[in-house]
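Working notes, structure below.
All residue numbers in this chain count up from 1 along the given sequence. Remember, it's 1-based here, ligands and their atoms both numbered in the order they're listed.
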Amino acid sequence: MSSLADLDPLTGTDGRPVPDATAWDRRRHELRRLFEAHVYGPWPGDPRGVELVSVTETSALDGTARLVEAQVRVDSPAATFPLLLVTPAAPGPHPCFLGLNFHGNHTVLDHPAVTVHDRYAVDGAAGRGDHRDSWDVAGSVAAGYAVATVFCGDVVQDHPDLAGPDLDALATPAGRPGALMAWAWALSAARAALSSRPEVDPSAVTVVGHSRMGKAALVASGWDDRFAAVVATQSGTGGASPSRKAPERCVPGPDGRPEAETVKMITRRFPHWFAPAFAGHADRTDELPVDQHQLLALSAPRPTLLWNGTEDLWADPAGTWDCLQAAAPVFRFLGADQPEVVDVPEPGQTTPGTLAYGLRPGGHSVTREDWAAWRRWCACRPGGEPQA
Ligand code: GCU
């Protein structure tokens, strides 16, 4: 069985080592094309003609914040989707976290001015502010950060039977993207749109995401290097965990589920997230010409935090550590501060370096404590230049 070491990010498919940063730029393009063909489907193209329209503004969080609701409108490829931005009321520009949410923009903050779109008003839909603890907008604003978010379902409906038309709308001559690629593209468009807001520092936008949205955050950072940094939490398979999993983590348990999610499981349950070719590799992951450490390498040398939970084995904290180790040489090669770290950190610790690994006790979730830890780590600090 082949290992991550067989897919050296710093050796081209022609077998030649990458000698310098210019050659890395070519190699980066090669890696992107491989990921597009075999894992995520094509990038819909850099968003062009991006603006924020239908902007409404109001005060929030007892006057300490400004709340902006708007539509991101993109000329090419054509798309329009809502964006919520909450910034400190103090004059900016502020560093900003930008991420996709799972259940609607109205769920990240309990504020009557946030539109609850008709399509969210279905039985069992989440209500205003239901997910405020996993966003901690108040904590970020108090610490001097803006927070911007887009509901994933406003870009691509997250269901294998419903995603097709949304994905067709972002198709290129090379085919249609998978949902993770389409969501990443929307993050890139949202980042471009935010640069028109004086409250946001365009050089200090960190893309953040949990689980499937963490996978999309890593793709966004890999294809759009204007993101200053990325925080991917519990991103798992298709994110920071390898497709070539250690065999012992793939043995089905009594419920038929292996310890860590395999390519076979993810492509069966979520075929709309990926290029069809990825499912074709489900039984032959060692024949994939790319693996996920090379996705991490596409963010180098920008600050990248991989966040994990000790009990979230499905998202594969051990494999994520292996991917970090295999991607770290690219960060060093490009001049980032990337010390050798041999051991997985203790729970509660984050490793030093530009490509960092955090492990906290607990399972698959995002808590206020997670946000506090990310802000402590954060490379884009309020009032300062982005720093590793
Ligand atoms: C499922 C899926 C994971 C995904 C997660 C999530 O568990 O198998 O790949 O990361 O959902 O998005 O919460």
Q. Short question: side chain of Arg27, backbone of Thr11 - any donor-acceptor pair under 3.5 Å?
A.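 Yes.
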**Q.** Ion pair Asp133/Arg368, N-O distance below 4.0 Å
**A.**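 Answer for the salt bridge query: yes.
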Q.
Other residues, nucleotides and ligands only: do more than 12 of their heavy atoms fall within 6.0 Å of CZ on Arg284?
A.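 Result for CZ/Arg284: enclosed.
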Compile the donor-acceptor pairs under 3.5 Å between side chains in residues 50-63 and protein atoms, sequence neighbours left out, one pair per line.
unit_1: Glu51; atom_1: OE2; unit_2: Arg73; atom_2: NH2; d: 2.6
unit_1: Glu57; atom_1: OE2; unit_2: Arg197; atom_2: NH2; d: 3.0

**Q.** ring-ring contact (aromatic ring centres under 6.0 Å, His included) partners for Trp314, two or more places apart
**A.**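 With sequence neighbours excluded, Trp314 shows a ring-ring contact (aromatic ring centres under 6.0 Å, His included) to no residue whatsoever.
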**Q.** Residues that Arg132 engages under salt bridge (charged side-chain N to carboxylate O under 4.0 Å, His left out), provided they are two or more places apart
**A.**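 Per chain and number, Arg132 pairs via salt bridge (charged side-chain N to carboxylate O under 4.0 Å, His left out) with no residue.
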Q. Which parts of the protein, at residue level, reach under 4.0 Å of ligand 1 through a heavy atom?
A.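 Lining ligand 1 at under 4.0 Å, by heavy atoms, one finds Phe102, Ser211, Arg212, Lys215, Glu261, Ile266, Arg269, Phe270, Trp273, Trp314, His364.
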